[in-house]
2 protein chains.
Amino acid sequence: MSPPRSNTKDAILDTAESLLQERGFNAFSYQHISEQLGVKNAAIHYHFPNKAGLGVAVIERYNRNFHDWVARHQQRGTKPLAMLRGYFAIPLRFMRDGQKACPLGVLEAEFGAIPDPMRDAVRTLDADIRGFLSEALEQGRQQAVFQFNGTAQDKALLVVSALQGALQISRAAGTKAFMTVIRQIERDLGVEEQRDKISSQSLLVSR
Amino acid sequence: MSPPRSNTKDAILDTAESLLQERGFNAFSYQHISEQLGVKNAAIHYHFPNKAGLGVAVIERYNRNFHDWVARHQQRGTKPLAMLRGYFAIPLRFMRDGQKACPLGVLEAEFGAIPDPMRDAVRTLDADIRGFLSEALEQGRQQAVFQFNGTAQDKALLVVSALQGALQISRAAGTKAFMTVIRQIERDLGVEEQRDKISSQSLLVSR
DNA sequence: TGGTGTTTACTTACTAGTAAGTAAGTTTAG
DNA sequence: CTAAACTTACTTACTAGTAAGTAAACACCA
């Protein structure tokens, strides 16, 4: 009764997501995917008739995974600081995993050259991420673990912007740049800088 | 005696830069340029034999213009706060001019899919911009007009990251997002928020 | 001053490669 | 035996890039 899951479809999404983060939407092709997967061009068209649909599917899956991640942490009552650091760990993984960029940043950089349905999906993803972060920041402020001026929404926007920019700049300037920005963000939130030698590593892999 | 300046070459660079900021490097073609300019494909190849060379030329010209801008302000002794706001005005113009992204951000987003010589040019541009901003921040701190923790280099990195990210996010989330980030950055630098209704507009067009 | 190269700035007309996308046939598992 | 998951073989459109030709401006010299 359950759908006869082919794992090719998921493999296509995995590969597309990876290529998106490495090259951007307009610089990867069905050929790139099919070669990496060892299937033929048309196999991808079977699962995703056109590239816009594939793009939307990648973004929506990414957003679903993000929501699941948030839900998991909310269920187990993760505290604001751990939440923030868990969130930092996402782009950090991208960076370590072959200098990948964040999908949101890539797609917003190419915003003028992606299909309309993808733009809508990007807007949704952007709103959802900022919504999550706003909550975490606001909670942290109420619990006196973060200090900042202005609304939590504004601060969340600044943090997301900085992370997104930093991840991109790190591709040109190296990994250290990203760590620096994270440290600076925490500093600006009034988060105690425990550790000093061990710091950056263990601090951020979190979970 | 002076070189017989053709303005086609400059027009090509203008168009390429504009297309780069709107669509990204891999989503614009020689056709796009030639159509917009009313010349033929091959005319562009005459001035820029290959696309990598065109890309490098765009970045290097952008960097030269940036250096000229900095030099002009240094000569007339522009103060740190005005310097900072003048710098903010650059991406602000991009945003108002048809939701363009910053060339640096676009190219770093596509970093995995641009030719090597372009990567070098991007690295140089990135270093130069951060170098300028570090100086302005450091001077401002010495003159007690900015307050921040950590090195000026680290703070500059955060500011550049945030601006770059914010400019991209504004394409999905609207102009207001960018203004918000600028306000938040100034707040974090301890800059007095004069005005309240007139604010954002007149505050930022600067000069 | 006039004629003769030469250079600049293109156009016309092409190539080879790659892009997304499709139609029709084949394999395989339930 | 049927439907899902492909492959084979193709099309159309665009990509960067090239080769060869041309018109006009310039450079130099007698």
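Proteins get letters first, then strands, A, B, ... in listed order; numbering begins at 1 in each.
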Side-chain atoms of residues 152-160 of chain B: list all donor-acceptor pairs with protein atoms under 3.5 Å, sequence neighbours left out, distances to 0.1 Å.
from: B:Asp154; atom 1: OD1; to: B:Thr151; atom 2: OG1; distance (Å): 3.3
from: B:Lys155; atom 1: NZ; to: A:Asp188; atom 2: OD2; distance (Å): 3.2

The side chain of A:Ala42 lies closest to which of these nucleotides: D:dA16, D:dT7, C:dG21?
->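 So the side chain of A:Ala42 is nearest to D:dT7.
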Going through the distances and angles, do B:Phe48 and B:Tyr30 end up as a ring pair (Phe, Tyr, Trp, His ring centres under 6.0 Å)?
-> CA-CA 10 Å; B:Phe48 303 97; B:Tyr30 275 43; 8.3 Å; no
About how many Å separate [atom2] of [Y] and [atom1] of [X], when rounded to the nearest 0.5 Å?
X        : Y        : atom1 : atom2 : result
A:Arg123 : A:Phe111 : CZ    : CZ    : 4.0 Å
B:Arg72  : B:Thr78  : CZ    : OG1   : 10.0 Å
A:Thr124 : A:Glu60  : OG1   : CD    : 8.0 Å

Hey, is B:Glu186 close enough to B:Arg183 for a salt bridge, meaning N to O under 4.0 Å?
->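 Salt bridge flag = no for B:Arg183 with B:Glu186.
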Answer yes or no: is there an ion pair linking A:Asp68 with A:Arg64, defined by an N-O contact shorter than 4.0 Å?
->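 Here A:Asp68 does not pair with A:Arg64 in a salt bridge, since their nearest N and O are not under 4.0 Å apart.
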Return the value, rounded to whole Å, for the distance between atom [atom1] of [X] and atom [atom2] of [N].
X       : N      : atom1 : atom2 : value
A:His45 : D:dC6  : NE2   : P     : 15 Å
B:Ile44 : C:dT11 : CD1   : C1'   : 13 Å
B:Lys40 : C:dC10 : NZ    : P     : 13 Å
A:Asn41 : D:dT12 : CG    : P     : 17 Å

Looking at residues 50-61 of chain B, who's got a heavy atom less than 4.0 Å off DNA chain D?
->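 Heavy-atom contacts with DNA chain D come from B:Asn50, B:Lys51.
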Counting just side-chain N and O atoms, does A:Tyr46 come under 4.0 Å of either OP1 or OP2 of D:dC6?
->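 For D:dC6, neither OP1 nor OP2 has a side-chain N or O of A:Tyr46 closer than 4.0 Å.
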Does OP1 or OP2 of C:dC10 have a side-chain N or O of B:His47 closer than 4.0 Å?
->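 So the side chain of B:His47 is within the cut-off, an N or O lying under 4.0 Å from OP1 or OP2 of C:dC10.
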Locate the shortest heavy-atom distance separating A:Phe25 from A:Glu110; write the atom from each residue and the value.
->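 Nearest pair, atom of A:Phe25 first, then A:Glu110: N-OE1, 2.6 Å.
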Strand contacts (DNA chain C) in residues 13-32 of chain B, 4.0 angstrom heavy-atom criterion =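 Listed by number, there are none.
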